[in-house]
Amino acid sequence: MGAQQVAERFAELYGAQPEGVWAAPGRVNLIGEHTDYNDGFVMPFALPHQALAAVSRRTDGVLRLHSAEVEGGITELRLDGLTPQGDENWTAYPAGVVWALREAGHAITGADVHLSSTVPTGAGLSSSAALEVVIALAMNDLYGLGLPRWKLARLCQRAENVYAGAPTGIMDQTASACCEQGHALFLDTRDLSQRQIPFDLAAEGLRLLVVDTQVKHAHSGGEYGKRRAGCEKGAALLGVDALRDVPYAGLDEALARLGDEEEVVRLVRHVVTEDHRVERVVDLLRSGETRAIGPVLTEGHASLRDDFRISCPELDLVVDTALATGALGARMTGGGFGGSAIVLAEATDVDTLTKAVEEAFATSGFTAPRLFEATPSPGAHRLH
């Protein structure tokens, strides 16, 4: 749906035109998985898929929410009754942002909201972050808060961590809020410093395919939290603030100090080598060696599969099939336990790769995957 259709539906629901329409994208993470909550490096870019929100202010302390993708009517909430982890529905994400803004001292007095999103849910493409950021940007504009994009991302992360109860890092919200068209975002999650790295695949005859395995995952589930706790344990055992502080050149020494803590060893090894992979990809892209990032992506998948142990048979099948069919590189992307994989390929090989992956899924008896091309797109912005 476009801005006009979202605005028209808002008018049908609430009996008046909205004050504006905003958009915020989902994201694909090119490289840098499970590094963000370890103060490390990530490199996402925004997708053309986005969440749209038509919004108007209220003055009576009421938040009314409606989604085009969810059956049912308008959900009405009292702002003074918003309670962290008291909502297990989709409304926790937009309501959590309003809660976080008010907790930070911003005088939000209510809103009417109609949402529509094309970001696939449960696919590891940050559908929840898109919902959060589009609400944050709308509130920032409507209430004249004057908050910079990075601060909006921080408040959205707090909404997801505290209000929705999902222990995610800062990458997803920052990508949705700050990415630029035709670029990947090199983000240092410790100080939130950013660099926009040119990433124009089409100009080089390349494509990046996203393969949504249709295996749903949920960040608020226990396995994600276990990995995060294990990383924090590793940092504590090594006497550092975060695993980002373990130098790649000193990795073997650090792992030896962990002794027989086998699970912690695996987690630490992944995070330290993944940070190094992000830096390698940045260097390769800046020197114009785009095709050379393929093997680095594939290394990242092996690390997520073997050390972090968050892959699944469907994700492994995508990667193995793509590589066997001539892809330059492939890996799972997102939090894991399902979701999506990305495949870097020559443009001329896309049809062959697509057919091979679809046939492999059919042969294995898996649900048919959804494949689409990922083009680096703009971050959150006002449409109307």
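Quantities reported herein were computed from a predicted structural model and do not represent experimental measurements.
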Measure from the ring center of Phe41 to the ring center of His276 and say whether it is less than 6.0 Å. no
Polar contact flag, side-chain donor to acceptor under 3.5 angstrom, Gln214-Thr367: no
If you measure from the Lys or Arg side-chain nitrogens to the Asp or Glu carboxylate oxygens, is any gap between Arg228 and Glu232 under 4.0 Å? yes
Please check if atom CD in Glu373 has more than 12 non-hydrogen atoms from other residues, nucleotides or ligands closer than 6.0 Å. yes
Charged N-O contact under 4.0 Å between Asp316 and Arg331: no
Does a side-chain heavy-atom distance below 4.5 Å link Leu285 with Val281? yes
Do you know the tightest heavy-atom contact between Leu255 and Val265? CD2-O, 3.6 Å
Sub-4.5 Å side-chain heavy-atom contact between Val134 and Leu115: yes
Would you please indicate yes or no on a ring centroid separation below 6.0 angstrom for Phe308 and His270? yes
Using a strict threshold of under 4.0 Å (side-chain N to carboxylate O), is an ion pair present between Lys233 and Glu263? no
Specify the closest pair of heavy atoms between Pro25 and Leu47, including all atoms of both residues, with the distance to one decimal. CB-O, 3.4 Å
Shortest non-hydrogen separation from Ser127 to Pro120 and the atoms involved: CB-O, 3.7 Å
Roughly how far, to the nearest 0.5 Å, is CG of Leu187 from SG of Cys178? 8.0 Å
Do His66 and Phe10 have ring centres separated by under 6.0 Å? no
Which of these passes side chain to side chain donor-acceptor pair (under 3.5 Å) with Ser303: Arg277, Arg269, Glu274, Arg266? Arg277
Of all the heavy-atom pairs spanning Val133 and Gln173, show the shortest one and how long it is. CG2-O, 3.6 Å
Taking the side chain as C-beta and beyond, is there a heavy-atom pair between Trp90 and Leu65 under 4.5 Å? yes
Please evaluate residues Ser311 and Leu304 with respect to the criterion side-chain contact (heavy atoms from CB on, under 4.5 Å), reporting the C-alpha separation (whole Å), side-chain torsions for both, the decisive distance (0.1 Å), and the verdict. CA-CA 7 Å; Ser311 190; Leu304 290 162; 5.9 Å; no
For Gln50 and Thr118, test the side chains for any donor-to-acceptor distance below 3.5 angstrom and give the result as yes or no. no
Ignoring hydrogens, what is the shortest heavy-atom contact between Val318 and Ala341? Give both atom names and the distance. CG1-CB, 3.7 Å
Going by an N to O cut-off under 4.0 Å, is there a salt bridge joining Glu12 and Arg9? yes
Considering only heavy atoms from C-beta outward, does the side chain of Phe361 approach that of Glu314 to under 4.5 Å? yes
For Thr168 and Gln157, which heavy atoms make the closest approach, and how far apart are they? O-NE2, 3.3 Å
Under-4.0 Å salt bridge between Glu132 and Arg158: no
As a test of understanding, state which of Thr189, Asp188, Asp275 forms a side chain to side chain donor-acceptor pair (under 3.5 Å) with Arg244. Asp188
Can you confirm whether the side chains of Asn89 and Thr91 place a donor and an acceptor under 3.5 Å from each other? no
pair Phe199-Leu30: side-chain heavy atoms closer than 4.5 Å: yes
Would you call Val278 and Val42 a side-chain contact if the rule is heavy atoms closer than 4.5 Å? no
Ignoring hydrogens and angles, tell me if any N or O in the side chain of Asn29 forms a donor-acceptor pair with the backbone of Gly32 under 3.5 Å. yes
Hey, would you say the Tyr224 and Tyr37 ring centroids sit under 6.0 Å apart? yes
Is it true that Thr348 and Glu346 share a donor-acceptor pair across their side chains at a distance under 3.5 Å? no
Might you work through the salt bridge (charged side-chain N to carboxylate O under 4.0 Å, His left out) test for Glu223 and Arg227, ending with a clear yes or no? CA-CA 6 Å; Glu223 290 300 317; Arg227 301 305 189 281; 2.8 Å; yes
Is the shortest heavy-atom distance from the side chain of Val97 to the side chain of Tyr163 under 4.5 Å? no
In Å, rounded to the nearest 0.5 Å, how long is the span from CG of Leu77 to CG of Leu63? 5.5 Å
